[in-house]
Student: 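Handing you a structure now.
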There are 2 protein chains.
Amino acid sequence: MTSAALRKIERKPVEVQAIEALREAIVDGTIPAGERITEINLSSAMNLSRATLRSALHQLAQEGLVTLVPYTGWRVLKLGPQDVRELYTLRAALERLAAQLSAGRLDDAMRASLEAAMDALSEACAAGSADEIAEADFALHKAIVEAAGHGRLRSQYRLIEQQIRMYIRSSDALLAGGAEIRAQHVPIVEAILSGDPELAGRLSEEHNLSEGRKLSDHVAAAAG
Amino acid sequence: MTSAALRKIERKPVEVQAIEALREAIVDGTIPAGERITEINLSSAMNLSRATLRSALHQLAQEGLVTLVPYTGWRVLKLGPQDVRELYTLRAALERLAAQLSAGRLDDAMRASLEAAMDALSEACAAGSADEIAEADFALHKAIVEAAGHGRLRSQYRLIEQQIRMYIRSSDALLAGGAEIRAQHVPIVEAILSGDPELAGRLSEEHNLSEGRKLSDHVAAAAG
DNA sequence: CGATTGACAATTGTCGACAATACTGGGAGG
DNA sequence: CCTCCCAGTATTGTCGACAATTGTCAATCG
């Protein structure tokens, strides 16, 4: 072993690379919402075969990012008010379970990761851009889900994660200031770290529901 | 229109037929849990091409029924105690949301469907086989999810639905008698129909958690 | 002038073949 | 007798081509 720090080379199947590239493009708006896309165009543009791309599109379809209309083409998800409602209610239900479970099985490693995520959010709230705050916010929520140690919960959360990012991005402005955002999350993390599942779950759910409702109203107002 | 009642012919793509056939085979044990399967065997056995079957397997992989180990083969899900815990906690969280939403948006059609499902369960509990009771039980739960009018919730529930069927089947005996099962569900349905989201959600969650825990203990005891 | 029918173009649905990769068993070397 | 290397085999990963289906647009008929 001559070199201590060699850059790891990516060794993923082309298919998962395609999935990730497409997901990113859709979430960050490179491919506009509501756009109609065809397999043959994308496959040539991404330099891979139709069969591979098709498989990737099917996976994204199960994540809800694209829909297939038979023999006519694919269409990327366009979020409406109903979608936003669905997303934040579902997110609240899943994160409530995550917070309950995390509080119920405390562990040095997860304690450390939660504290790190909370610190990062505090720092971002104090002196970060809106994008950085949103990212740290999201990272904390995700850390809670990871700490639950629940594989299926993690999978299901991942399914709606990308769509949540889309609507956070679509309502480009944060609705609350940095200090307020930090104040909203501190009690949740404290409840988890103190090992109180009941309280942690309730706080987490309330936070998601109230923030989701705000965002939903904001989107509805902007749309109509 | 000359004929009033023509039989509708099934017109599904081969791929979705393959998905349904495989799902059924796995859930009902035709393909044993833990079995290793290869694309080429299955494709020839089911009389379709590898690419089509492969796509179907990928979809089932996202449902968690099979897992892919690269360049070696596929393996069908084998449920352990940890899996059962994950399933019933997740199920409880999702059905809690479903009960809350259903109670919050009452509607003649859904009221009728819920009552019908409850009646069917009552009937099965009174004079049905264990299989019939289990089926009616499951149908009622699913009716509540449908009544929530929440597309993403429905999708996510469908993802764990099949696995839940697997573990219900694996612990072949019902743990409670017909009368008891009926008594457990009546208050939940009543809470929904009376339009009390808070109560409906709480009852639904408690029911799922307590029954899930029982089943989990039963499975753990049976396993070792 | 409107409606219907037919052909055409675009797109997905399905397939078989070739390439890349991981597991397995045997043989050479120590 | 044990260990390591190497080739063979089984299996997934990727690809390009052909078939089936749908929507469109123009020509034709009433």
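Every chain is numbered from 1, with letters handed out A, B, ... down the list of sequences.
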Student: Take the angle between the ring planes of A:His207 and A:His141 and call it parallel below 30°, perpendicular above 60°, tilted in between.
Tutor: tilted
Student: Below the 4.0 Å mark, does D:dC15 have OP1 or OP2 next to a side-chain nitrogen or oxygen of A:Thr52?
Tutor: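 So the side chain of A:Thr52 is within the cut-off, an N or O lying under 4.0 Å from OP1 or OP2 of D:dC15.
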Student: Restricting to non-hydrogen atoms, name the atom on B:Glu39 and the atom on B:Trp74 that form the minimum distance, rounded to 0.1 Å.
Tutor: OE2-NE1, 3.1 Å
Student: Looking only at side-chain N and O atoms, does B:Thr30 offer a donor or acceptor that is under 3.5 Å from a partner on B:Asp28?
Tutor: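 Short answer, yes.
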Student: Send over the distance from A:Asn47 CG to D:dG16 C1', rounded to a whole Å.
Tutor: 14 Å
Student: What's the CZ-P distance between B:Arg75 and D:dT12, to the nearest Å?
Tutor: 12 Å
Student: Within the 3.5 Å criterion, strictly below it, is a donor on A:Glu86 or A:Gln82 matched to an acceptor on the partner's side chain?
Tutor: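 Yes.
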Student: Among the nucleotides D:dG13, D:dG16, C:dT12, which one has an atom lying closest to any side-chain atom of A:Trp74?
Tutor: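 Looking only at heavy atoms from C-beta outward on A:Trp74, the closest nucleotide is C:dT12.
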Student: How close or far is atom P of C:dC15 from atom CD1 of B:Ile40, stated in whole angstroms?
Tutor: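 Going from CD1 in B:Ile40 over to P in C:dC15 covers 14 Å.
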Student: Could you please name the option among C:dT14, C:dG13, D:dT12 that lies closest to any side-chain atom of A:Glu39?
Tutor: C:dG13
Student: Would you give the length of the straight line joining atom CG of A:Leu215 to atom CD1 of A:Ile168, rounded to the nearest 0.5 angstrom?
Tutor: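 Here the interatomic distance stands at 7.0 Å.
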Student: What is the distance, to the nearest angstrom, from the CG atom on B:Leu53 to the C1' atom on D:dG13?
Tutor: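 In whole Å, D:dG13 C1' lies 15 Å from B:Leu53 CG.
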Student: In terms of side-chain heavy atoms of B:Thr38, which of C:dG16, D:dG13, D:dT11 is nearest?
Tutor: D:dT11
Student: Side chain of A:Thr72, heavy atoms from C-beta onward: which of D:dC15, D:dT22, C:dC23 has the nearest atom to it?
Tutor: D:dT22
Student: Base, sugar-phosphate, or nothing for A:Val14, non-hydrogen atoms under 4.0 angstrom?
Tutor: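 It contacts sugar-phosphate atoms only.
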Student: Rounding to an integer number of Å, can you tell me how far A:His58 NE2 sits from C:dT12 C1'?
Tutor: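 Value for this atom pair: 9 Å.
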Student: Mind checking B:Ile37 for me? I need base, sugar-phosphate or nothing, with any heavy atom below 4.0 Å counting as a touch.
Tutor: sugar-phosphate
Student: Go nucleotide by nucleotide along DNA chain D from the 5' end; which of B:Ala51 and B:Asn41 gets its closest nucleotide reached first?
Tutor: B:Asn41
Student: Could you check how far CG of B:Leu48 sits from P of C:dG16, rounded to whole Å?
Tutor: 10 Å
Student: How long is the line joining CZ of A:Arg50 and P of C:dA10, in whole Å?
Tutor: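 Answer to the nearest Å: 15 Å.
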Student: Output the rounded distance in Å from CZ (A:Arg54) to C1' (C:dT14).
Tutor: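 Nearest whole value for this atom pair: 9 Å.
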Student: Look at the side chain of A:Tyr71 and decide which nucleotide, out of D:dT11, D:dA20, C:dT14, has an atom nearest to it.
Tutor: D:dA20
